[in-house]
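The block underneath contains the structure these notes are about, expressed in structure tokens.
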Amino acid sequence: MKRTLSALLGNAAVHSLAELGDRAPHLRPYLPEHALLVTPPTPEAGAEVIAYARRQGWRVLPIGAGTKLNWLGNTPKADIFLRTTAWQKLIDHAAADMTVTTQVGIPFQQLQHHLAPAGQSIAADPLFRETATLGGCLATQSNGTLRQRYGSWRDQLLGVKFIRSDGQIVKAGGRVVKNVAGYDLMKLLIGSYGTLGILTEVTLRVYPLPDAVQIWQLRGEVSALAKGLEVILTSSLAPARCVLRLEPRGTLLLELEFHTLREVIAAGTLGDRLSQIAQTHNLQLEPQAPLGITLNPTPDQVTLKIGVPLSEMLPALTQLQQLARELACECRGEMSAGVGYAYLHGQEEHLRQLILRLRQGLPRGYVTVLAAPLNLKQQLDPWDYRGNALELMRKLKQQLDATGVFGTGVFVGNL
């Protein structure tokens, strides 16, 4: 296998586990002894690898920088780990049309630096933003708390190119905001963890950088926070972020970030309206300095992704807070627009109990175990999928990947 792929891509693009040595230590735990790490220089070369893998019956796991490999549901049953990090070409930034087209191997933060001179940005704040590739963010549906105002990746994506399981590069959508080109395959690929195809190129909406940013925190009793949150969500305030935070000390607070004009901040309009809400609901209002950073989980933390209806965000974090205290686990978390992350540290059995009891307490939501020791993941279903679409997912998988080229068992239902 290595000789064939080296002939196809060159020796520098193909590595065995033994050849990696101390390089890429974050990849080594997930690479089976027989698997190869390949880095095709172009999407076309990647397509050739997929076509050959299909003929040989090999299974392929697409990866970016590998920052979220520990989010996979299982140890991947893969013969080839296909890394997209060489695909970094910025194809077109149509600033007037507010779109950007780029290959997916570009690091997310590097893309933001490209857009900044035009006063624009991608309206997302994924975890590991400094090192994660754009493709990895899309494949894992990691886009952060800006979804409150700007929506998820599925809302921002306009067009894609991807490698099918037969080695053909195809496209869906287009490069303009208004298009009806073909089936909406984009929404299938986002969050599919590379089980349906390999993204090679995407077109995204971009947004103007805010003229000014103002951040406020509201603190108080849980019942008061719930009333304040309800008022804010139904008002015309329109925060860019409206985040419920559970701090490491166990404190719950509401953080609001506004993207606005300098004149609005100078006039004090936002502060006045928030002060009125705080006084009405007996909350403490404090301004905060814009940090402009995303706090990433540490390697020893268990990472959960939690989804609930908007009205149940605060009860969900309250349950998490109570369980963490009861089971002596360290915990911090955040939720916005019904989706959030929790970061836990504690004894493995206590963490297992916390996850199971949290799931029982959230009948209208889900608690997905993203990062965790493999032993813990094997004791429970990491995905916590409760819907009725699994059979439909399998049929779609059969249609798009009948021979199982991308069937590495890392996704819901071992897809």
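Side chains are part of it too, since the values below use all heavy atoms of this structure and drop only hydrogens, waters and symmetry mates.
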Counting only N and O atoms by type, is there a donor-acceptor contact under 3.5 Å from the side chain of [X] to the main-chain atoms of [Y]?
{"X": "T102", "Y": "K89", "answer": "yes"}
{"X": "K68", "Y": "A132", "answer": "no"}
{"X": "D401", "Y": "G197", "answer": "no"}
{"X": "K305", "Y": "L370", "answer": "no"}
{"X": "R241", "Y": "T145", "answer": "no"}
{"X": "R54", "Y": "G167", "answer": "no"}
{"X": "D211", "Y": "R262", "answer": "yes"}
{"X": "T84", "Y": "G105", "answer": "no"}
{"X": "Q319", "Y": "G361", "answer": "yes"}
{"X": "Q217", "Y": "E286", "answer": "no"}

4.5 Å side-chain heavy-atom contact, [X] and [Y]:
{"X": "L256", "Y": "L270", "answer": "no"}
{"X": "L189", "Y": "L138", "answer": "no"}
{"X": "F81", "Y": "P32", "answer": "yes"}
{"X": "V100", "Y": "I122", "answer": "yes"}
{"X": "L351", "Y": "L327", "answer": "no"}
{"X": "M98", "Y": "V206", "answer": "yes"}
{"X": "L400", "Y": "S165", "answer": "no"}
{"X": "Q214", "Y": "V264", "answer": "no"}

So, taking the atom named [atom1] in [X] and the one named [atom2] in [Y], what distance separates them when rounded to the nearest 0.5 Å?
{"X": "L37", "Y": "I63", "atom1": "CG", "atom2": "CD1", "value": "5.5 Å"}
{"X": "L5", "Y": "W58", "atom1": "CG", "atom2": "CH2", "value": "5.0 Å"}
{"X": "N74", "Y": "N414", "atom1": "CG", "atom2": "CG", "value": "5.0 Å"}
{"X": "Q112", "Y": "E130", "atom1": "CD", "atom2": "CD", "value": "10.0 Å"}
{"X": "R147", "Y": "S336", "atom1": "CZ", "atom2": "OG", "value": "8.0 Å"}
{"X": "S152", "Y": "L146", "atom1": "OG", "atom2": "CG", "value": "12.5 Å"}

- Derivation and outcome, side chain to side chain contact (heavy atoms under 4.5 Å, CB included), residues L225 and L229: CA-CA 6 Å; L225 279 175; L229 176 61; over 6 Å; no

Under 3.5 Å, is there a donor on one side chain and an acceptor on the other for [X] and [Y]?
{"X": "Q156", "Y": "R205", "value": "no"}
{"X": "R83", "Y": "T39", "value": "yes"}
{"X": "Q88", "Y": "Q103", "value": "no"}

Determine the minimum heavy-atom distance between [X] and [Y], stating which atoms define it.
{"X": "C137", "Y": "W153", "answer": "O-NE1, 3.5 Å"}
{"X": "G194", "Y": "F406", "answer": "O-CB, 3.6 Å"}
{"X": "A78", "Y": "L61", "answer": "CB-CB, 4.0 Å"}
{"X": "L390", "Y": "G413", "answer": "CD1-CA, 4.1 Å"}
{"X": "L196", "Y": "L188", "answer": "CD1-O, 3.8 Å"}
{"X": "I306", "Y": "M335", "answer": "O-CE, 3.5 Å"}

Are there more than 12 heavy atoms of other residues, nucleotides or ligands under 6.0 Å from atom [atom1] of [X]?
{"X": "E44", "atom1": "CD", "answer": "yes"}
{"X": "N282", "atom1": "CG", "answer": "no"}
{"X": "D272", "atom1": "CG", "answer": "yes"}
{"X": "E247", "atom1": "CD", "answer": "yes"}
{"X": "E230", "atom1": "CD", "answer": "no"}

- Task: Determine, step by step, whether V213 and H259 satisfy the side chain to side chain contact (heavy atoms under 4.5 Å, CB included) criterion, reporting the C-alpha distance in whole Å, the side-chain angles of both residues, the deciding distance to 0.1 Å, and the verdict.
- Result: CA-CA 5 Å; V213 175; H259 295 176; 4.0 Å; yes

- Task: For T303 and Y343, run side chain to side chain contact (heavy atoms under 4.5 Å, CB included): C-alpha distance rounded to whole Å, both residues' side-chain angles, the deciding distance at 0.1 Å, then the answer.
- Result: CA-CA 5 Å; T303 302; Y343 311 108; 3.6 Å; yes

- Item | V202: which of I190, L134, T101, L158 passes side chain to side chain contact (heavy atoms under 4.5 Å, CB included) | L134

- Name the orientation class of the two ring planes belonging to Y341 and W71 (parallel below 30°, tilted from 30 to 60°, perpendicular beyond 60°). tilted

- Where does the angle between the aromatic ring planes of W383 and Y193 fall among parallel (under 30°), tilted (30 to 60°) and perpendicular (over 60°)?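 It falls in the perpendicular class, over 60°.
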
- Check against side chain to side chain contact (heavy atoms under 4.5 Å, CB included), L204 and L157: CA-CA 5 Å; L204 292 163; L157 196 61; 3.5 Å; yes

- Query: Quick one: ring pair (Phe, Tyr, Trp, His ring centres under 6.0 Å) partners of W216, sequence neighbours excluded?
  - Reply: none

- Message: Taking the basic N atoms (NZ, or NE/NH1/NH2) and the acidic carboxylate oxygens, is any pair closer than 4.0 Å for E349 and R352?
- Response: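 Yes, E349 and R352 are salt-bridged.
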
